[in-house]
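Values below: all heavy atoms of this structure, side chains included; hydrogens, waters and symmetry mates excluded. Below, chains carry the letters A, B, ... as their sequence lines are ordered, and counting in each starts from 1. Bear in mind that the values here come from a model prediction, so they are computed numbers and not experimental data.
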There are 2 protein chains.
Amino acid sequence: MDLASVEGLEGITIGRLASELAMSKSGLIGRFGDKETMQRAVLAAAIDRFIAAVWQPASRAAPGLPRLEAIVDAWVEHLRSGVFPGGCFVTTASVEYDARPGPLRDDVAAAVKRWLGVLEVQARRARDAGDLPADRDPADVAFELHSLASGGSVAGRVLGDDEALDRVHAAMRRAIGLPPLN
Amino acid sequence: MDLASVEGLEGITIGRLASELAMSKSGLIGRFGDKETMQRAVLAAAIDRFIAAVWQPASRAAPGLPRLEAIVDAWVEHLRSGVFPGGCFVTTASVEYDARPGPLRDDVAAAVKRWLGVLEVQARRARDAGDLPADRDPADVAFELHSLASGGSVAGRVLGDDEALDRVHAAMRRAIGLPPLN
DNA sequence: TTACAGGACGAACGATCGTTCTGTATAAAT
DNA sequence: ATTTATACAGAACGATCGTTCGTCCTGTAA
């Protein structure tokens, strides 16, 4: 995962990864069968880590706006933590496969769709509870949050801008009608 | 540019590009010297195309909010046009090099910084004219617009969602306080 | 004591990578 | 008309790519 977050899933090389793991190429690939299966396993592992870091703690908050706020906080904190030295894994994979059909693209799309669904459900609950404007489309809210996190973290990384994630956080809170943090 | 927008700048291969251009490998690389110089030339050409498609028409609008609106409209239209079969070039390059130092990373960072500067200037003008709230940070506005365009277009591509750019457009207009389009 | 499954190894496969060198043909300059 | 420069083809280079092969070692079951 570390290697792929920097070089991309497509940038993983059996030879290099094997030497990084102090294994032989054949010993490594024997675990998965072929490279694509290994890439899918890496992606699945990274998604699990995201869920554990963001969804799991946030799911303890009350449904609706409180949970949405908890998600946003955990999300930004996850991006800030630097668990992946190369930035958000799914964003990297999205860019890599958005124009390249195949199982990996399907896996990435499924993961993004699932996450957007989670966000949309909470946005709808928030709207039904009166915590979001009645004319606000929950799917719009979900898509906007995802776009900000994805695009913002990439821009911050390439610029080397430490304040970027603060801006992302502020924009996400603004998107769901929460007041600035301070 | 077509090839790189799909496979990424790092995914360009001298052999493949040469055969796509019906040239020999040596004939192609002879033009640039080495691969990295060629990649930088491709990136520069893509940036020129972006400027021509987005900034040039928008620069005819009055400074401040009108110009910001023109930029947003042209920007979304540029993303919609599909000039690059693999999506926004600078976003792809940002993800590829955000964790990989070198001249290409520097080029990408410089381009993003320059564009954010353009957006920030117009946001400040809009704020000074009273078209944006006085407590709204122009740099925040610039960063938010960039994040939405970048992250939103990628998400839309990987999901195969045709409405995605409409959502991006709406979110960008919302970010600068403009009313929904209809 | 034997049989066998699983994991990992080193070696090798053909293919492709980026780069370099040499030769030739065309166009420009003298 | 002759020289010079440029553009490109062709061949070859060492390196690395993903994959496959046969072999060995270890641990468990019969």
Side-chain angles (χ1 to χ4, degrees), chain A residues 1-48 84-86 89-90 92-108, chain B residues 1-48 84-86 89-90 92-108:
Chain A
M1 283 190 277
D2 286 349
L3 184 55
S5 92
V6 173
E7 309 283 349
L9 275 171
E10 210 62 29
I12 298 182
T13 260
I14 312 252
R16 181 164 167 205
L17 177 57
S19 93
E20 209 123 333
L21 296 173
M23 288 180 69
S24 66
K25 291 202 295 175
S26 52
L28 169 62
I29 203 61
R31 296 286 200 97
F32 302 96
D34 58 18
K35 188 187 180 184
E36 190 178 80
T37 305
M38 182 189 74
Q39 291 171 312
R40 298 181 70 181
V42 171
L43 177 61
I47 292 170
D48 284 347
F84 297 132
F89 212 96
V90 173
T92 303
S94 293
V95 169
E96 280 188 284
Y97 298 106
D98 66 356
R100 219 182 308 181
L104 273 159
R105 186 206 145 104
D106 297 341
D107 287 351
V108 175
Chain B
M1 281 189 280
D2 285 350
L3 184 55
S5 92
V6 172
E7 309 282 350
L9 276 171
E10 211 60 30
I12 299 182
T13 260
I14 312 252
R16 181 163 167 207
L17 178 57
S19 92
E20 209 124 331
L21 297 172
M23 287 181 70
S24 67
K25 292 202 293 174
S26 56
L28 168 63
I29 203 63
R31 294 289 200 94
F32 302 96
D34 59 17
K35 189 189 180 185
E36 190 177 82
T37 306
M38 182 189 73
Q39 291 171 311
R40 297 181 69 180
V42 172
L43 176 61
I47 291 171
D48 284 347
F84 297 131
F89 212 96
V90 173
T92 303
S94 293
V95 169
E96 280 188 283
Y97 298 106
D98 66 356
R100 218 182 307 182
L104 274 159
R105 186 206 145 104
D106 297 341
D107 287 352
V108 175

J.: Expressed as a whole number of angstroms, how long is the span from B/Asp34:CG to C/dT19:P?
T.: 5 Å
J.: Does some side-chain heavy atom of B/Tyr97 sit less than 4.5 Å from a side-chain heavy atom of B/Leu9?
T.: yes
J.: Can you measure from CZ (A/Arg100) to CD (A/Glu10) and round to the nearest 0.5 angstrom?
T.: 4.5 Å
J.: Select base, sugar-phosphate, or nothing to describe what A/Ile12 touches, counting heavy atoms under 4.0 Å on all strands.
T.: sugar-phosphate
J.: Across the strands shown, which category fits A/Leu17 at heavy-atom distances under 4.0 angstrom: base, sugar-phosphate, nothing?
T.: nothing
J.: How many angstroms lie between atom CD of B/Glu96 and atom CD of A/Glu7, to the nearest 0.5 angstrom?
T.: 10.5 Å
J.: If we check side-chain contact (heavy atoms from CB on, under 4.5 Å) with B/Leu3, which of these qualifies: B/Leu17, B/Thr13, B/Leu21?
T.: B/Leu17
J.: Starting from C1' on C/dG7, measure out to CD1 on A/Ile29 and report it in whole angstrom.
T.: 14 Å
J.: Encode nucleotides 22-27 of chain C as B, S and - characters from 5' to 3', where the letter depends on protein heavy atoms closer than 4.0 Å: B to the base, S only to sugar-phosphate, - to neither.
T.: ------
J.: How many whole angstroms separate atom CD1 of B/Ile14 from atom P of C/dC17?
T.: 9 Å
J.: Rounded to the nearest 0.5 Å, what separates atom CG in B/Leu28 from atom CE in B/Met38?
T.: 6.0 Å
J.: Just how far is it from atom CZ of B/Arg31 to atom OG of B/Ser26, taken to the nearest 0.5 Å?
T.: 12.0 Å
J.: Indicate yes or no: at least one non-hydrogen side-chain atom of B/Phe32 is less than 4.5 angstrom from one of B/Arg40.
T.: no
J.: Separation of B/Leu9 atom CG from C/dG18 atom P, in whole Å?
T.: 13 Å
J.: Mark up nucleotides 7-13 of chain D, 5' to 3', with B wherever a protein heavy atom is under 4.0 angstrom from a base atom, S wherever such an atom reaches only the sugar-phosphate, and - elsewhere.
T.: -SBB---
J.: Got a second to check how far A/Ile29's CD1 is from A/Thr37's OG1, nearest 0.5 Å?
T.: 7.5 Å
J.: Measuring from A/Ile14:CD1 to A/Met23:CE, what's the distance to the nearest 0.5 Å?
T.: 11.0 Å
J.: Measure CD/A/Glu10 against C1'/D/dG18 and give the value in whole Å, please.
T.: 12 Å
J.: Can you tell me the distance, in whole Å, between the NZ atom of B/Lys35 and the P atom of C/dT16?
T.: 15 Å
